[in-house]
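Below: one structure, written as structure tokens.
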Amino acid sequence: MLNTYREKTAALLEGSGHFYKAGKYLDLFLIALIMTNVIAIVLESVPSLAKQYQSEFLQLELISVAIFTCEYLLRLWSCVDKLEYKHLSCSDIKKRIKYFFSALAIIDLLAILPTLLMVFITFDLRFLRVIRLLRIFKLTRYSRAMQLLLAAFKEEGSSLLAAFFIMSVVLIMASCGIYLLEHDVQPSKFGSIPQAMWWAMATLTTVGYGDVVPITAAGRFFGGVITLLSMGMVAIPTGLLASSFADQLRKRRDAFNEAVLHSLHDGVIDPKEKEHLEMLRIELGLSHTEANQAIKMMSSQRAHALYCRHCGNKL
């Protein structure tokens, strides 16, 4: 039972338990508000529209920031009753600090920070207005795919850093090589190593804009080698992310399967266990179809395990 307002607020914001439907409607409202804000920020960059609808854009911004600020403060207040923080053996302040530095909390803060800074800073900072587009990353909270991608980045962080370090070394080597081969014949394009880095970056990422190209025989041969090498360079981080993404999805399904098996220890899933599995399904971001398939599969496996595969008698 949820006895305190803080527990009820946490359940509503997370859309769990009895607050599943209400939380779902709240999520849909926030998603619509985020998309409206993104469209408004894009349209505001058109000078004629910005001048004609200046007051409307300002009202939308103020209302949105007020709602996002309330949401942020409520999440910060009630985070101690979230499932992932509730059982931690530390004070509420430490739990809130842990939540404050989490990825989703930082995204929520960035969604309101530019407008708050523009209120306190008198001169116009255009880059702060553009940063408001970071508000679109709030959709990460409501997107299963984005949550899996963030988890993949977190788990493969060290491997990705190693891959980008290798790419940086190759980038510098490619820039130095093309500089030595082309700077005498094309001083305007390969006059320095930093200038040569533009060609190296376009080649290593397989973009190949074609605005800067080697013209000597040695330069073209070197460019061909770098182009072939770039295919493997781009594939490394892509393969790491794809593998980690699939692994995160498998882990979530395995965690739900284990919970189903634990609920089937007495042969049936009672209403309390069903409610627990539903909360776990929402937390893991699994669909109803995946959850039902897991329950059927685990029930079938347990039913087969109760009978001897040789004689068919019940064990």
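Counting heavy-atom neighbours within 6.0 Å of Lys95 NZ, excluding the residue itself, gives a total above 12. Around atom CD1 of Ile93, no more than 12 heavy atoms belonging to other residues, nucleotides or ligands sit under 6.0 Å away. In Glu56, the CD atom is crowded: over 12 heavy atoms of neighbouring residues, nucleotides or ligands sit closer than 6.0 Å.
Although no hydrogens or angles enter the test, the distance criterion places no donor-acceptor pair under 3.5 Å between the side chain of Ser244 and the main chain of Leu240. Using a distance-only test at 3.5 Å, with no hydrogens or angles considered, a donor-acceptor pair links the side chain of Thr9 to the main chain of Tyr5.
Val260 approaches Ala294 most closely through the heavy-atom pair CG1-O, 4.4 Å. Contact record, Gln186 with Pro214: NE2-CA, 3.8 Å, taken as the closest heavy-atom pair. A pairwise comparison of heavy atoms in Tyr179 and Ala196 identifies CB-CB, 4.3 Å as the closest pair. The minimum heavy-atom distance linking Gln248 with Ala152 is given by the pair CG-N, 4.1 Å. Listed here is the closest heavy atom pair of His183 and Leu180: ND1-O, 3.7 Å. Closest of all the heavy-atom pairs between Ile34 and Ile136 is CG2-CA, 4.1 Å.
Contact of the Leu241 side chain with the Phe153 side chain is registered, since non-hydrogen atoms from C-beta on lie closer than 4.5 Å. Using a 4.5 Å cut-off on side-chain heavy atoms (C-beta onward), Ile295 and Phe256 make contact. Between Leu261 and Glu258 the shortest side-chain heavy-atom distance does not fall below 4.5 Å. In this structure the side chain of Phe190 never reaches within 4.5 angstrom of the side chain of Leu181, judged on heavy atoms. Leu33 is not listed as a side-chain neighbour of Ile63, based on a closest heavy-atom distance of 4.5 Å or more. Put simply, the side chain of Leu171 reaches to within 4.5 Å of the side chain of Met201, judged on heavy atoms. Side-chain atoms of Asp254 and Asn257, non-hydrogen and from C-beta on, do get closer than 4.5 Å to each other. In this structure, the side chains of Phe221 and Thr216 stay at 4.5 Å or more apart for every pair of heavy atoms.
Taking CD of Gln195 as the reference point, atom CD1 of Ile178 lies at 13.0 Å (rounded to 0.5 Å). Annotation: the span from Glu156 atom CD to Phe245 atom CZ amounts to 13.0 Å, rounded to 0.5 Å. Atoms OH and CG, from Tyr72 and Leu110 in turn, are 9.5 Å apart once rounded to the nearest 0.5 Å. Once rounded to the nearest 0.5 Å, the distance linking CE of Met35 with CG of Leu30 reads 13.5 Å. For the atom pair OG (Ser175) and CD1 (Ile193), the distance works out to 7.5 Å, reported to the nearest 0.5 Å. Note that CD1 of Ile106 and CG of Leu113 are 11.5 Å apart. Values are rounded to the nearest 0.5 Å.
Using a 4.5 Å cut-off between side-chain heavy atoms of Ile, Leu, Val, Met, Phe, Trp and Tyr, with links allowed through other members, Ile166 and Leu229 fall into the same hydrophobic cluster. Taking hydrophobic clusters as Ile, Leu, Val, Met, Phe, Trp and Tyr residues chained together by side-chain heavy-atom distances below 4.5 Å, Ile67 shares a cluster with Leu109. Note on Val207: it clusters hydrophobically with Val212, by side-chain heavy-atom contacts below 4.5 Å among ILVMFWY residues. Under the 4.5 Å side-chain heavy-atom criterion for Ile, Leu, Val, Met, Phe, Trp and Tyr, Phe101 and Tyr99 are members of the same hydrophobic cluster. When the side chains of ILVMFWY residues are joined at heavy-atom separations under 4.5 Å, either directly or via intervening members, Ile112 and Phe29 end up in a single hydrophobic cluster.
In this structure, Tyr53 and Phe57 have perpendicular ring planes: the angle between them is above 60°, well past the 30° mark.
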Open item on the list: Run Arg250 and Asp247 through salt bridge (Lys or Arg N to Asp or Glu O under 4.0 Å) and show every step you take.
Closed with: CA-CA 5 Å; Arg250 179 189 58 79; Asp247 190 50; 2.5 Å; yes
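Salt-bridge annotation for Glu71 and Lys138: present, with a side-chain N of the basic residue lying under 4.0 Å from a carboxylate O of the acidic one. Using a cutoff of 4.0 Å between basic side-chain nitrogens and carboxylate oxygens, Lys189 and Glu182 are not scored as salt-bridged.
Every residue meeting the ring-ring contact (aromatic ring centres under 6.0 Å, His included) condition with Trp198, not counting sequence neighbours, appears here in chain and number order: Tyr209.
Applying side-chain contact (heavy atoms from CB on, under 4.5 Å) to Leu62 and the options Leu60, Leu58, Val65 leaves one that passes, Leu58.
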Would you list the atom pairs, donor with acceptor, under 3.5 Å between side chains in residues 76-83 and any protein atom, with sequence neighbours excluded?
{"unit_1": "Ser78", "atom_1": "OG", "unit_2": "Leu74", "atom_2": "O", "d": "2.7"}
{"unit_1": "Asp81", "atom_1": "OD2", "unit_2": "Arg6", "atom_2": "NE", "d": "2.7"}
{"unit_1": "Lys82", "atom_1": "NZ", "unit_2": "Glu84", "atom_2": "OE2", "d": "3.3"}

